[in-house]
Every structure is written in C-alpha cells, then in structure tokens.
There are 2 protein chains.
Amino acid sequence: MTHPQIVTEQSPAEKSRLWLRYLQQQGYRITGSRRAVVDALAQAERSLTAADLYEIGRAKHKGLGLVSVYRTLEKLEELGLVQRVHGPGGCHAYISAQDGHNHMLVCENCGRVEMFEGDDLKDFTRNLEKQSGFRIHEHWLQFFGVCTECQA
Amino acid sequence: MTHPQIVTEQSPAEKSRLWLRYLQQQGYRITGSRRAVVDALAQAERSLTAADLYEIGRAKHKGLGLVSVYRTLEKLEELGLVQRVHGPGGCHAYISAQDGHNHMLVCENCGRVEMFEGDDLKDFTRNLEKQSGFRIHEHWLQFFGVCTECQA
DNA sequence: CATTATAATGAAAATGATTTTCAATATCAT
DNA sequence: ATGATATTGAAAATCATTTTCATTATAATG
C-alpha cells in the first residue's frame with residue numbers, strides 16, 4: 001500500500017467549459033438547463049442531490065425543471081464526468097468524477113468530498129480472486145469522517 | 001496490506017436462533033413475522049431486498065406483510081446483525097453482518113456476498129487524515145465481480 | 001439570415017421503494 | 001387466564017425517480 005495522494009482539480013470555470021464541450025462533441029445540445037446543472041456541479045465542493053441541483057440551478061436558469069436535472073445527471077454519469085456518492089447516510093448525491101482510478105473521502109456532516117489515489121490493491125485483489133474464485137472487476141475504497149470545517 | 005481471509009459463518013439454524021434470542025434480550029417480541037424474516041436472512045447465500053424477503057418469508061408465515069419486513073430489517077440493522085449492500089447495481093439489498101471489521105466481495109450477477117478481513121488500512125488512514133485534515137471514522141472496502149457459479 | 005428536422009424541455013402523471021397511520025391482534029409478564 | 005402494550009397488516013402517504021407528451025429551443029442546412 002503506497003501513500004494516499006489527494007487529487008486536485010482544474011478550476012470550476014474550466015471544468016464547466018470542458019464538460020459542455022464534451023457533451024456537444026457527443027452529439028448533445030447545449031441548453032440553458034444543461035448549462036445550469038453543469039455549472040452547479042463544476043463549482044460544488046460537496047456532493048449534491050438532484051433536489052440540490054434543482055434549487056441551485058434555478059438561480060441561473062429560472063425555468064429549470066427537476067426532470068432536466070435527472071436527465072443531465074444521467075448523461076454526465078454515462079460520460080464519466082460525474083459519479084454517485086454512496087455512503088452510510090444515503091446514495092442520492094453526485095460529485096464530479098476525477099480521471100483515472102481514485103477513491104473518495106466523504107464528510108458525513110456536510111457532504112464535502114476529497115478524491116485520492118495511491119491505493120495499491122493489485123496483490124490483495126489477486127489473492128482474493130484466488131481464494132474466492134470470483135473474477136473481480138472493480139473495487140470501491142471509501143473513507144468517511146468529518147472535514148476540518150465541520151470539526152470546528 | 002496483509003492477505004485477505006474469507007470469513008466463514010455459523011449454520012443458518014444457529015444464526016437464526018441467536019438472532020431471535022438477541023432480539024428478545026433487547027426487549028423485542030418474537031413473532032411469526034420476525035421469525036420468517038430472520039430465518040430467510042440467516043439462510044441466504046446472497047443479498048436480499050425487502051421484496052425478496054417478503055416473498056421468501058411468506059412461504060413460512062402466510063400473513064407476512066411487507067411493512068413488517070421493513071420494520072424487522074430496521075431492528076436487525078440497528079443491532080448490527082444485518083447490513084445493507086451498496087453497489088453499482090443498487091443499494092436495496094441486505095446481508096447478514098459478520099462480527100468484527102470485515103468487508104464484502106459481491107457478485108454483480110446473482111448478489112452472492114463473501115465477507116473477508118485482512119485489510120490493514122491503519123497507516124493509509126493515518127496518512128489520509130494527516131493530508132486531508134479529516135477525522136476519519138469508518139471505511140468501506142468492497143470488491144465487485146462474478147462468482148464461480150455465475151462464470152459458468 | 002431563414003428554414004427546418006429533431007433534440008430537449010417542463011408539467012403532470014406514473015412508478016417503485018419506503019414510511020406513516022391506525023384499528024385489530026398477538027405476545028409475554030403477571 | 002388476564003391485561004398492558006408491542007406488533008401487526010392494509011391502506012394511504014411520502015420521497016426519489018422515470019415516463020409520457022405536447023411545446024419549444026438548438027444547431028445543421030440551404
């Protein structure tokens with residue numbers, strides 16, 4: 001097991017621009033609704049539910065419907081730009097995904113998410129496959145706790 | 001990281017008996033509905049949803065209601081006897097929990113769950129705390145794949 | 001720039017999982 | 001056996017999500 005390395009991201013504005021361009025490249029149209037949802041997700045420091053995004057997105061695009069939030073999330077998830085956050089407190093929130101293989105550290109209080117990499121589970125996985133007979137495709141490594149702000 | 005060790009369990013009958021006794025010790029009454037749900041969970045080789053338990057439990061206790069399934073699951077989860085299985089395919093299934101700190105290997109096809117221990121993430125956790133400032137309470141380590149039966 | 005095919009929209013209704021309410025019933029201490 | 005009350009199932013309510021559908025907005029084309 002190597003040391004964890006916290007992953008840092010590009011700026012929200014840039015992220016938002018890239019995502020919209022990518023959506024367009026994939027044949028999707030850029031609309032006010034999509035822009036609003038993408039911006040909200042790109043700026044978020046914590047994980048957001050569809051309802052959160054609806055509320056935040058409405059500030060930018062008055063007519064935004066909850067249905068479009070779901071539809072945009074669906075597309076962003078398909079394209080690997082966004083991922084669902086699963087935790088003891090629920091599984092209804094989304095956060096922007098990071099490239100490559102990395103994992104999450106989630107604040108149980110405010111939903112803030114840090115991504116990290118540096119887990120090295122190859123040997124462990126191979127042993128587990130041998131012992132269990134399973135063919136392993138994927139793993140999740142997640143930590144839950146309280147972030148610095150919420151500790152105060 | 002030490003080697004994974006697959007955890008084996010006591011017999012379904014014994015498990016069921018222990019759980020019911022424990023429920024009673026906690027002040028809960030033993031009823032036909034609870035017995036049916038507990039038996040189904042104790043015998044399960046794979047994770048089961050409330051609807052699964054309703055169907056299976058009805059064979060043992062004709063009048064079983066779905067509501068009682070949910071209420072029993074709630075209590076068993078409180079007491080740490082049962083735990084929810086979270087995965088890419090959903091988070092609606094339950095499996096009997098194992099004592100101590102251990103993790104899951106889940107078949108994406110049939111829902112079969114193997115529990116294992118032997119992860120040693122203490123150092124990794126300490127480093128992650130230092131780097132992030134989070135106070136970490138808990139972690140999940142889960143593997144997903146296809147079990148031997150489903151490979152055939 | 002105007003036209004147009006059609007992708008995307010929001011509202012309302014539908015769905016699926018879970019929870020609440022409530023009057024009837026079963027459990028267990030006495 | 002009795003009685004206090006925990007537990008029940010059915011129906012209704014709730015919450016997250018999806019589907020339907022007629023209308024509107026986007027972007028490719030002339």
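- Nucleotide D:dT18 holds its P atom 11 Å from the NE2 atom of A:His92, rounded to whole Å.
- Mapping A:His61 and B:Cys91 onto DNA chain C via the closest heavy atom, the residue that lands nearer the 5' end is A:His61.
- Spacing between atom CD of A:Gln26 and atom C1' of C:dA7 amounts to 15 Å, rounded to whole angstrom units.
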Expected list for residues 74-82 of chain B: side-chain donor-acceptor pairs under 3.5 angstrom, two or more places apart:
residue	atom	partner	partner atom	Å
B:Glu78	OE1	B:Tyr28	OH	3.4

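- A search for side chain to side chain contact (heavy atoms under 4.5 Å, CB included) contacts involving A:Ala44 returns A:Leu48, not counting sequence neighbours.
- Every residue meeting the salt bridge (Lys or Arg N to Asp or Glu O under 4.0 Å) condition with A:Arg126, not counting sequence neighbours, appears here in chain and number order: A:Asp123.
- Atom NZ of A:Lys75 and atom P of D:dT18 are 11 Å apart (whole Å).
- Look at B:Gln24 and you'll find a side-chain N or O under 4.0 angstrom from OP1 or OP2 of C:dC28.
- Only A:Arg29, A:Ile30, A:Thr31, listed by number, bring a heavy atom of residues 28-44 of chain A to less than 4.0 angstrom from any atom of DNA chain D.
- Qualifying salt bridge (Lys or Arg N to Asp or Glu O under 4.0 Å) partners for B:Glu9, counting only residues two or more places apart in sequence or in other chains: B:Lys15.
- Taking every heavy atom of residues 78-86 of chain B and every atom of DNA chain D, no pair lies under 4.0 Å.
- Residues forming a salt bridge (Lys or Arg N to Asp or Glu O under 4.0 Å) with A:Arg71 (at least two apart in sequence, or on another chain): none.
- Rounded to 10 degrees, the angle between the two end axes of the helix from C:dC1-D:dG30 to C:dT30-D:dA1 is 40°, with five pairs used at each end.
- For B:Lys62 and C:dA26, the NZ to P distance is 9 Å, given to the nearest whole Å.
- Here A:Asp39 pairs with A:Lys60 under the salt bridge (Lys or Arg N to Asp or Glu O under 4.0 Å) rule; sequence neighbours left out.
- Under the side chain to side chain contact (heavy atoms under 4.5 Å, CB included) criterion, B:Leu18 pairs with B:Gln10, B:Glu14, B:Arg21, not counting sequence neighbours.
- The CG-P distance, from B:Leu53 to D:dG9, rounds to 14 Å in whole Å.
- If you check D:dG9, C:dT18, D:dT17 against the side chain of B:Tyr70, the one that comes closest is C:dT18.
- With 3.5 Å as the limit, one finds a donor-acceptor pair spanning the side chains of B:Arg135 and A:Gln151.
- A:Glu138 is linked by a side chain to side chain contact (heavy atoms under 4.5 Å, CB included) to A:Trp140, B:Pro88, B:Glu108, B:Phe144, counting only residues two or more places apart in sequence or in another chain.
- Remark: P of D:dT24 and CZ of A:Arg71 are 16 Å apart, rounded to the nearest angstrom.
- We find that CG of A:Leu66 is positioned 16 Å from P of C:dA13, with the value rounded to whole Å.
- Computed from coordinates, the A:Tyr54 OH to D:dA16 C1' distance equals 14 Å when rounded to whole Å.
- Every residue two or more places apart in sequence or in another chain that forms a side chain to side chain contact (heavy atoms under 4.5 Å, CB included) with A:Ser33 is listed here: A:Thr31, A:His61, A:Leu64, A:Ser68.
- Aromatic pair B:Tyr54/B:Tyr70: centroids not less than 6.0 angstrom apart.
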